[in-house]
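In what follows, chains carry the letters A, B, and so on, assigned in the order in which the sequence lines appear, proteins first and then strands, with residues in each chain numbered from 1. All heavy atoms count here, side chains included; hydrogens, waters and symmetry mates do not.
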2 protein chains.
Amino acid sequence: MAKYSDIANEMRRRIQRGEYDSNYPITDEVSLTKEFLCSRMTVKKALDILVAEGLLYRKRGHGTFIVKSAKEEKLVNVLNNENVGLTKLIGAEHVESVIIGFDIQFPSQEVAAHLSIDLQTPTYHIIRLRKWHGEPYVLERTYMPATIIKDLTKEILKGSIYDHITETLGLTIGGAHRKIRADKPGELDQEYLHCAANDPILEVEQVAYLNIGMPFEYSFSRHRYDKFVFKTVIIQR
Amino acid sequence: MAKYSDIANEMRRRIQRGEYDSNYPITDEVSLTKEFLCSRMTVKKALDILVAEGLLYRKRGHGTFIVKSAKEEKLVNVLNNENVGLTKLIGAEHVESVIIGFDIQFPSQEVAAHLSIDLQTPTYHIIRLRKWHGEPYVLERTYMPATIIKDLTKEILKGSIYDHITETLGLTIGGAHRKIRADKPGELDQEYLHCAANDPILEVEQVAYLNIGMPFEYSFSRHRYDKFVFKTVIIQR
DNA sequence: GAGTGGTCTAGACCACTGG
DNA sequence: CAGTGGTCTAGACCACTCG
């Protein structure tokens, strides 16, 4: 783990435990340099992470401050734009997956294009319903090239695909590109998410990449509108 | 303007004009160092911006590559998570604002909390419909403290509030925090956005900050679901 | 081994703020 | 003025990939 990650984690912990008075700036960068025995660039990079997470903001000439609203918000259905991961987000304990469809097909033009594969590459086609505390939460339609993500089984799908990728296959997940939109519910949504014919859906379309830049997942996650908020932080440059 | 911004702008221009073959890595960081006569940290910071914009990705040990899908996408209704700004996004030419409500009130508890003001601070309460090419596009409900954003008039509201803030008032806009959700249409939505009773709405709740960390806007932007996609890039650390 | 990006250092100067 | 964050330098070593 990089030093700046360690420092970011430590500072995040302190902020969330209330070890800094949120009415005053936190310890300045030069002092943190001395505390963590590193250069100022490293401290800055660590704090950059917390700024991107919406936990801190900076005032030039003043200092670095805690975003007050951020400390309170420990809401349930919240996603920020940092992590790729699904089970991780709300903790695996109360999450349950129902497999609605699982087969292997040749990809459509659209799927092939998003996964950067050709039309002859066998591709998993997965439809899963994720429940949380027994309540339907999100309906996922996922495409993955079988050449990259090998040996998928129903057993794995009941748990976390991401664990299988990182732990069993030893691959490292890189970033992702997402598009978020509202949509009308389809038949599948109504059936599995138990939503009414006029309940909106919040859809997240995602292409996820391995650290080597290769796309490994093209997916559409359809969320109940009353159980999902997507959070993001804009940093001006 | 900072040097890394200039480099990022130049590289963005080159990528979009197709000056690099997207099947091969772009010029490596050390060579860019020599071309732009700067240190490697500065080149890296410039490329970081383009990675965050989803234009580039890096492969350690290989090089930096162009995201192919990014170059094609010059879609209409696209927002990324970098800029604060509304008129800027799609160009002011074909944008038109209809003022539906404009008055000054004491804030509610909720508004006061989000703007970090007390209940005695007079606050603008604005409802605007934004049209693009004559078509209703987004319905905005905005709260701004009259102590910070002074001298608002209907004339200003017909154009860009952001121009007024930055140019007339001489303030600098910092970042923003957003929450994105789907919602059912209300009466106002149906009336002004011309949407049907079961057309979903994509709502963006935003608290925007000045560069000095003070919130100046709390707003709810309600978009037609068929005209708006929110894009975001996740970078794994 | 050579080439790539990832991290880190120990400084430096600048821009902005307050007193 | 001193103190803050913003930018930048000119190196260094590491981790990873390829041939």
Novice: Using a cut-off of less than 4.0 Å, is there contact between a side-chain N or O of B/Thr64 and OP1 or OP2 of C/dG5?
Specialist: yes
Novice: If a pair satisfies salt bridge (charged side-chain N to carboxylate O under 4.0 Å, His left out) and one of its residues is in residues 18-33 of chain B, list it, with sequence neighbours excluded.
Specialist: B/Arg13-B/Glu19, B/Glu29-B/Arg40, B/Glu29-B/Lys44, B/Glu29-B/Arg58
Novice: Is A/Tyr4 near enough to C/dT7 that one of its side-chain N or O atoms lies under 4.0 angstrom from OP1 or OP2?
Specialist: yes
Novice: Between P on D/dC8 and NZ on A/Lys45, what's the gap in Å once rounded to a whole number?
Specialist: 16 Å
Novice: Can you give me the N/O atom pairs linking the protein to nucleotides 12-16 of chain C at distances under 3.5 Å, or say none if there are none?
Specialist:
residue : atom : partner : partner atom : Å
C/dA15  : O4'  : A/Arg60 : NH1          : 3.0

Novice: Can you tell me the distance, in whole Å, between the CD atom of B/Glu29 and the C1' atom of D/dA10?
Specialist: 15 Å
Novice: For residues 108-120 of chain B, please give each side-chain donor-acceptor pair under 3.5 Å, one per line with the distance, not counting sequence neighbours.
Specialist:
residue  : atom : partner  : partner atom : Å
B/Ser108 : OG   : B/Val111 : N            : 3.2
B/Glu110 : OE2  : B/Tyr218 : OH           : 3.1
B/His114 : ND1  : B/Glu110 : O            : 2.9
B/Asp118 : OD1  : B/Gln120 : N            : 3.0
B/Asp118 : OD1  : B/Thr121 : N            : 3.3
B/Asp118 : OD1  : B/Thr121 : OG1          : 2.9

Novice: Rounded to the nearest Å, what distance is computed from the CZ atom of residue A/Phe65 to the C1' atom of nucleotide C/dT17?
Specialist: 11 Å
Novice: C/dT7 P sits how many Å from A/Asp6 CG, rounded?
Specialist: 12 Å
Novice: Side chain of A/Ala2 only, please: which of D/dT7, C/dT7, D/dT9 is the nearest?
Specialist: C/dT7
Novice: Choose from C/dG5, C/dT7, C/dT9 the nucleotide whose nearest atom is closest to any side-chain atom of B/Arg58.
Specialist: C/dG5
Novice: Tell me whether A/Lys3 is salt-bridged to A/Glu10, with the criterion being a basic N under 4.0 Å from an acidic carboxylate O.
Specialist: no
Novice: B/Leu47 CG to C/dT7 P: how many Å, rounded?
Specialist: 14 Å
Novice: In whole Å, I'd like the distance from the CE atom of A/Met41 to the P atom of C/dT7.
Specialist: 12 Å
Novice: Whole Å only: how far is the NZ atom of A/Lys59 from the C1' atom of D/dG6?
Specialist: 17 Å
Novice: For A/Lys45, check side-chain contact (heavy atoms from CB on, under 4.5 Å) against everything at least two apart and list the hits.
Specialist: A/Tyr4
Novice: State whether a side-chain donor-acceptor pair under 3.5 Å links B/Ser219 with B/Glu217.
Specialist: yes
Novice: Write down the distance between CG (B/Leu32) and P (D/dA10), rounded to a whole number of angstrom.
Specialist: 16 Å
Novice: Over all strands shown, is B/Lys44 touching base, sugar-phosphate only, or nothing at heavy-atom distances under 4.0 angstrom?
Specialist: base
Novice: Tell me which pairs pass ring pair (Phe, Tyr, Trp, His ring centres under 6.0 Å) where either residue lies in residues 141-161 of chain B, with sequence neighbours left out.
Specialist: B/His125-B/Tyr143
Novice: Just to confirm, is there a sub-4.0 Å distance from OP1 or OP2 of C/dG6 to any side-chain nitrogen or oxygen of A/Lys3?
Specialist: no
Novice: Look at the side-chain N and O atoms of A/Thr42 and state whether any lies under 4.0 Å from the OP1 or OP2 oxygen of C/dT7.
Specialist: no
Novice: Name all residues meeting the side-chain contact (heavy atoms from CB on, under 4.5 Å) criterion together with B/Ser97; count only those two or more places apart in sequence or in a different chain, and write none if there are none.
Specialist: B/Arg128, B/Arg130
